[in-house]
Visitor: 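Just dropping this structure here.
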Amino acid sequence: MTRHLVTSALPYANGPIHLGHVAGAYLPADLYVRGLRQMGEEVLFVCGADEHGVAITIGAEKAKQGYDEYVEHWRGDIKKTFDSLGIAFDTWSGTSVCPDHEETTQEFFRLLDDQGYLIRREIEQLYCTKDEMYLADRYVEGTCYNCGAENARGDECPDCGTWIETLRLKEPRCKLCGGPPERRTTSHWFLDLPALRDKKIAKWIEDHDWKSNVSAFIKGLLKDAPERAITRDMKWGVPVPEDRAEGISGKVLYVWFDAPIGYISFTKEWARKQGRPDDWKLWWQNDETHLTHFIGKDNIPFHCLVFPSMLWGTGQNYILPHAVPANEFYSMAGGKFSTSEGRTFDLEEYLKEIDPEVVRCYLTATLPETADAEFKKEDLVTFNNSSLASNLGNLGSRVLKFIAKNFDSQIPELAPEHEADLDKLLFECSASCEDPGKDLLAFRFRRSLEDVLALATAANVFMQRCEPWKTNKTDPVLAGSQLNTLCEWIALLARWLAPFAPGKAQELWQQLGAEGEVSQGGWPKVPSAENPQWRSGLGGRALGELGTLFPRIDAPE
RNA sequence: AGCGGGGUAGCUCAGUUGGUUAGAGCACAGGAUUCAUAACCCUGAGGUCACGGGUUCAAAUCCCGUCCCCGCUACCA
């Protein structure tokens, strides 16, 4: 049986997570995982913090904290937000604390070296003697050699738009201390991407079925895939293994080399904690496993080209990604989520104000699946009131309250003579409805939630046509059959809703008087003339405590 | 600058390999109803599918050009 290994991009432990991240890589993964599980599939959902790299060392120094203390803080902060949103990984770790990470990463280095895919080469770089570090492009400023602007960055001149070669910049200065850096020659190891591409990866990419927005992107990447430096001169990170360092010290592996390996080391850590340390191989080196990487589009090169190259290049039989459903960008009204530009907001505070499950649903309804999308607080309120409260919430409310009042809080029985007619009418009302599960598995999460809401609308239409408030006065048995049918349908809705709003679904499940976890209830097919055996025999069951599933939100101001 | 994505109803977006009067939800208007969270149901209005050319019996869909928005461009993550 197919196993599903699902990963979400490792969040960088350098600041809080924002809704752009959530919508890009985490919520879709969580929906997919919950859906698969409910369908009875075996799933492992892996994530953790990405904790190395220059940006973190600088952030920590600014915060006057130790590197490990700094990343621990953000690792915890980010996890807390995931918890609030109900994004539930099977394992959560961090690249600087996972006990398997250093060893696994160094093993990759050795294996790639053994296979001849690493190249050592000397390059010139700018070095700041005061900060004692080599400066990446973004940490250098200077005078543009093209237009003379004094505020050119190491990568681009904001005045003339020229693409800057850092070493040619006039009067370069360190962006951190303002001092002049000097040129130094340093050795680095490069990953031989061209060779990996030619031997395997280009063909693999060609043959693979990618999401359309990913496909166009990686074709361009393939054309020129340069050798890529995978080491850095700094202390914070996974050291180059001593036995391969050729006497050169002070090198760590580039954060982008070690981060994706985190998926594997976190799996090893998880497996050991399960008491079956070798199980990680089932997930990473077994052809029956489907590996799915959920990422934002900025991560496409790494997950579709670089990491697969690394996996294959080790010569071990690592599986390559089965799907990379990369999302486009999610932004706030008017621009991207950006802490520095003040266009974000305190997500933790917001989640205290707005039910996180409503936020999940709204995010799902607006996910940037095919194009960039926008988050608007006002739209969330409208969405909650019209789609969740009035449609789905109100459906449960009108049916269950009616039963509470008129049938003593007990789901009425279905009279056998009514079944055929009621089914016929119901299937008519739901004729255009699609199976939310089908869209979910195809990574069409927006549509999947739309399917669920359409299925709720179908029930509202059905009730409108049945008019049990009228039939109850003339033919209480018929009214009972009608309400029974509605309860059966709501029991399906609770299960379809479960991936999107697990808590709400559970609440609805309990209102129907059901026992146990709604997510254990399986994934029901959409009832139709072809699938007429859809009822589970709820007649006679006592309702649970009723409450308002999705309260309306008063518009702010 | 190069590469990629986008520009479709007031808003958020669907539109599969080109094929009848371009769709959905929300918002809006009218009607019906009263079980329900002023909810539900029915009906309606609405768009020269960014702009200009071209290919075709037929183009939102393919080709060329122009204009806007966004992302990436890899030793930032």
Visitor: Hey, what do you get for CG (A/L422) to SG (A/C466), rounding to the nearest 0.5 Å?
Guide: 6.0 Å
Visitor: When all nucleic acid strands are considered with a 4.0 Å heavy-atom cut-off, which category describes A/Y254: base, sugar-phosphate, or nothing?
Guide: base
Visitor: At 4.0 Å (heavy atoms only), tell me whether A/R447 reaches a base, stays on the sugar-phosphate, or touches nothing.
Guide: sugar-phosphate
Visitor: Identify the nucleotide, in any strand shown, that forms a Watson-Crick or G-U wobble pair with B/A39, with both distances under 3.5 Å; if there is none, say none.
Guide: none
Visitor: Can you tell me, in whole Å, how much space there is between the C1' of B/A45 and that of B/U55?
Guide: 37 Å
Visitor: When you compare B/C49 with B/G53, how far apart are their P atoms, in angstrom units rounded to a whole number?
Guide: 13 Å
Visitor: Are the side chain of A/S430 and the backbone N or O of A/L426 linked by a donor-acceptor pair below 3.5 Å?
Guide: yes
Visitor: In whole angstrom, what separates A/F462's CZ from B/C42's P?
Guide: 15 Å
Visitor: As a test of reading the structure: which of B/C75, B/G25, B/C13 is closest to the side chain of A/R446, going by heavy atoms?
Guide: B/C13
Visitor: Between B/U16 and B/G23, how far apart are the two P atoms, rounded to whole Å?
Guide: 14 Å
Visitor: According to the Watson-Crick and G-U wobble definitions, with both distances under 3.5 Å, which nucleotide is paired to B/U56?
Guide: none
Visitor: State the pairing partner of B/A24; accept Watson-Crick or G-U wobble contacts with both distances under 3.5 Å, and report none otherwise.
Guide: B/U12
Visitor: For the P atoms, the ones on B/G15 and on B/A24, what distance do you get once it is rounded to whole angstrom?
Guide: 15 Å
Visitor: Which whole number of Å gives the distance between the P atom of B/U8 and that of B/G52?
Guide: 15 Å
Visitor: Could you run down nucleotides 33-41 of chain B 5' to 3' and tag each one B, S or - for protein heavy-atom contact under 4.0 Å?
Guide: -SBBB-SBS
Visitor: Can you tell me how far C1' in B/U20 sits from the matching atom in B/A58, rounded to whole Å?
Guide: 11 Å
Visitor: Is the A/H101 ring parallel, tilted or perpendicular to the A/F266 ring (thresholds 30°, 60°)?
Guide: tilted
Visitor: If pairing requires Watson-Crick or G-U wobble contacts with both distances under 3.5 Å, which nucleotide is the partner of B/C49?
Guide: none
Visitor: Hey, which of these two, A/F383 or A/I123, hits RNA chain B nearer its 5' end, going by closest nucleotide?
Guide: A/F383
Visitor: Would you mind reading off the distance between A/E378 atom CD and B/G25 atom C1', rounded to a whole angstrom?
Guide: 17 Å
Visitor: Distance check needed: B/C13 P versus A/L363 CG, whole Å only.
Guide: 13 Å
Visitor: Applying side-chain contact (heavy atoms from CB on, under 4.5 Å), can you list everything that pairs with A/A25, at least two apart in sequence or on another chain?
Guide: A/A9
Visitor: Using purine N1 to pyrimidine N3 plus N6-O4 or O6-N4 for Watson-Crick, or N1-O2 and O6-N3 for G-U wobble, each under 3.5 Å, what pairs with B/U73?
Guide: B/A1
Visitor: How far, in whole Å, is B/G2 from B/G18 if one measures between their C1' atoms?
Guide: 31 Å
Visitor: Which of parallel (below 30°), tilted (30 to 60°) and perpendicular (above 60°) describes A/W189 and A/F109?
Guide: perpendicular
Visitor: How close do A/G503 and A/E357 get, heavy atom to heavy atom, and via which atoms?
Guide: N-OE2, 2.7 Å
Visitor: Calculate the interatomic distance between A/I300 atom CD1 and B/C3 atom C1'; express it in whole Å.
Guide: 12 Å
Visitor: Figure out the CH2/C1' separation between A/W256 and B/A77, and round it to whole Å.
Guide: 7 Å
Visitor: Find which nucleotide of RNA chain B each of A/V54 and A/A365 is nearest to by heavy atoms, and output the residue with the more 5' nucleotide.
Guide: A/A365
Visitor: Measure the distance from OH on A/Y362 to P on B/C26 and round it to the nearest whole Å.
Guide: 15 Å
Visitor: Hey, could you give me the CD1/CH2 distance between A/I56 and A/W74, rounded to the nearest 0.5 Å?
Guide: 11.0 Å
Visitor: Take atom NZ of A/K251 and atom C1' of B/C75, then tell me their distance rounded to the nearest Å.
Guide: 11 Å
Visitor: Between A/E428 and A/R465, is the closest basic N to carboxylate O distance under 4.0 Å?
Guide: yes
Visitor: Is A/D451 paired with A/K438 through a side-chain N to carboxylate O contact shorter than 4.0 Å?
Guide: no
Visitor: Could you state the atom-to-atom distance from CD of A/E450 to C1' of B/C26 in whole Å?
Guide: 11 Å
Visitor: Determine the Euclidean distance between corresponding C1' atoms of B/A29 and B/G65; express it in Å to zero decimal places.
Guide: 43 Å
Visitor: With both distances under 3.5 angstrom, what nucleotide forms a Watson-Crick or G-U wobble pair with B/U34?
Guide: none
